[in-house]
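Some notes on the structure that comes next.
Worth saying up front: this structure is predicted, and the values here are computed from it rather than measured. Below, read A as the first sequence line, B as the second, and so on, with proteins coming before strands; counting in each chain starts at 1.
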There are 2 protein chains.
Amino acid sequence: MTIGTTDRSLSTQVYEFLRERIISGELEPGRRLVEREICEQLNVSRIPLREALPQLEADGFIRTMPRRGAMVTQLTLRDIEELFDVRESLEVLAARLAAANPDPIALAGLETRISAARSALDRGSDHEAAAANVAFHDDVLAMSRNRLLHGLMQPLNGRMQWLFRMTADRDIRVQCAEHEGLYAAIRDGNVELAASLAFAHVAGGRQPSLALLADVLPADR
Amino acid sequence: MTIGTTDRSLSTQVYEFLRERIISGELEPGRRLVEREICEQLNVSRIPLREALPQLEADGFIRTMPRRGAMVTQLTLRDIEELFDVRESLEVLAARLAAANPDPIALAGLETRISAARSALDRGSDHEAAAANVAFHDDVLAMSRNRLLHGLMQPLNGRMQWLFRMTADRDIRVQCAEHEGLYAAIRDGNVELAASLAFAHVAGGRQPSLALLADVLPADR
DNA sequence: GCACGGAATTTTGTATTCCAAATTCTTCCG
DNA sequence: CGGAAGAATTTGGAATACAAAATTCCGTGC
């Protein structure tokens, strides 16, 4: 892909380009990002790149060390536990806020996600079902009508995306069922039920994920 | 102040310089940040400045519009409600985690904050007492031993600091009392009590603050 | 053959200069 | 007084330069 033909500032495009490749795993954890390489590949000068890097760092996608450049963040087991704790709290908040404001249009959107996941499941496409489930979460977040919350969660989810890919297929049917329960609670405006279902949903994926990752992750720093 | 004599990268120093001045209110909300001015004032080139700006934006301290530069974030009433919601959730999580791990050294630190606040109060120095109370919150955050949580809360608190200054003196004695209760719950490892006290503590400051701000804040965007 | 030390190379951090495009300011005219 | 044309400012970005730090490479000695 050549950058420069579309809209927005180059810095933003570089940011998005790198973020996508980190989330997708193409730039694997630990990979060093060498400025010259990226500038050459994207055909941009160092200025927009060096504006993109601090953003990526602020969002936790890379770590930079003085005079040693940037590398893709390598999550430790502890990092992931921290992520789960925070995500748990914020997903619960999102569910609570969504249930407090069960807007019909947003509800219809959630329904779409659920039926998409279910039909993908029927067709045997676990991949599509997982994607629909990710979209469901994002929609709940949007439905919370708290832009700050949504903005905070985005990079957290991005950082966990590869983890989702590793582990989400595990119990995708369970996830779909939980989503349907959560949807019903939100639709009915049952704030406390939505909160506890959201909590259970996130918490439920925790131990299995951590167990799966225990041996592939680096030790804590 | 002249930048350049201390350690760390210039970008970081510029970032911190601007952040401090935004938090302190010296750079008031809505103020435009003109690159040339800042570069001249700090005697740095545009490069480190342009690396600092995306960081400030990622942390919510400034907003930038393409081709129109950066300005200090002007919180709307809705922004502040969103902040309260998120802070509520995260402070509760921090209290919960701290109570789950009542480390003696950290507890001693909390005690120090409490007695500092109380003695400042006895001396009639509301200002110092408020500072000690802010430090107390930060210590609880640190005690949660969740670096992600701590990192997320920092800019949120920074953005609300001027609000604290406006409203904190109001019921500083109530705050101290609530802190003491929270401290006891954490010390005793009473996770649920700590959580509900933290919730009440944040939620309690909410309506009074919003009422105070209702007429000075700009309308929602 | 391998560890070690130092030189050569690469990379980052920052400055400077330059330019186009967009925005803002000024000024002049109706 | 309002508005439009032109001037000045400002941002977004490129190219180049260079010192300092880090990394790589290589030759030497063991």
By side chain to side chain donor-acceptor pair (under 3.5 Å) - contacts of Ser115(A) (at least two apart): none

Side chains of residues 25-33 of chain A: which donor-acceptor partners sit under 3.5 Å, not counting sequence neighbours?
{"unit_1": "Glu28(A)", "atom_1": "OE1", "unit_2": "Arg31(A)", "atom_2": "NH1", "d": "3.1"}
{"unit_1": "Arg32(A)", "atom_1": "NH2", "unit_2": "Arg68(A)", "atom_2": "O", "d": "3.4"}

Please identify the 5'-most and 3'-most nucleotides of DNA chain C with any atom under 4.0 angstrom from a heavy atom of chain A. dT11(C) to dT14(C)

Partners passing salt bridge (charged side-chain N to carboxylate O under 4.0 Å, His left out) against Arg113(B) (at least two apart in sequence or in another chain): Asp139(B)

Answer yes or no for Arg21(B) and Phe17(B): cation-pi contact, defined as NZ/CZ to six-membered ring centre under 6.0 Å and angle to ring axis within 45°. yes

Please enumerate all residues that pass side-chain contact (heavy atoms from CB on, under 4.5 Å) together with Ile47(B), with sequence neighbours excluded. Ile47(A), Ser45(B), Glu51(B)

Quick check against the 3.5 Å criterion: does Ser144(A) have a side-chain atom that pairs as donor or acceptor with the backbone of Ala98(A)? no

Between Glu91(A) and His137(A), does any side-chain donor sit less than 3.5 Å from a side-chain acceptor? yes

Letter by letter from the 5' end, nucleotides 5-18 of chain D scores (B base, S sugar-phosphate only, - none; protein heavy atoms under 4.0 Å) -----SBBBB--B-

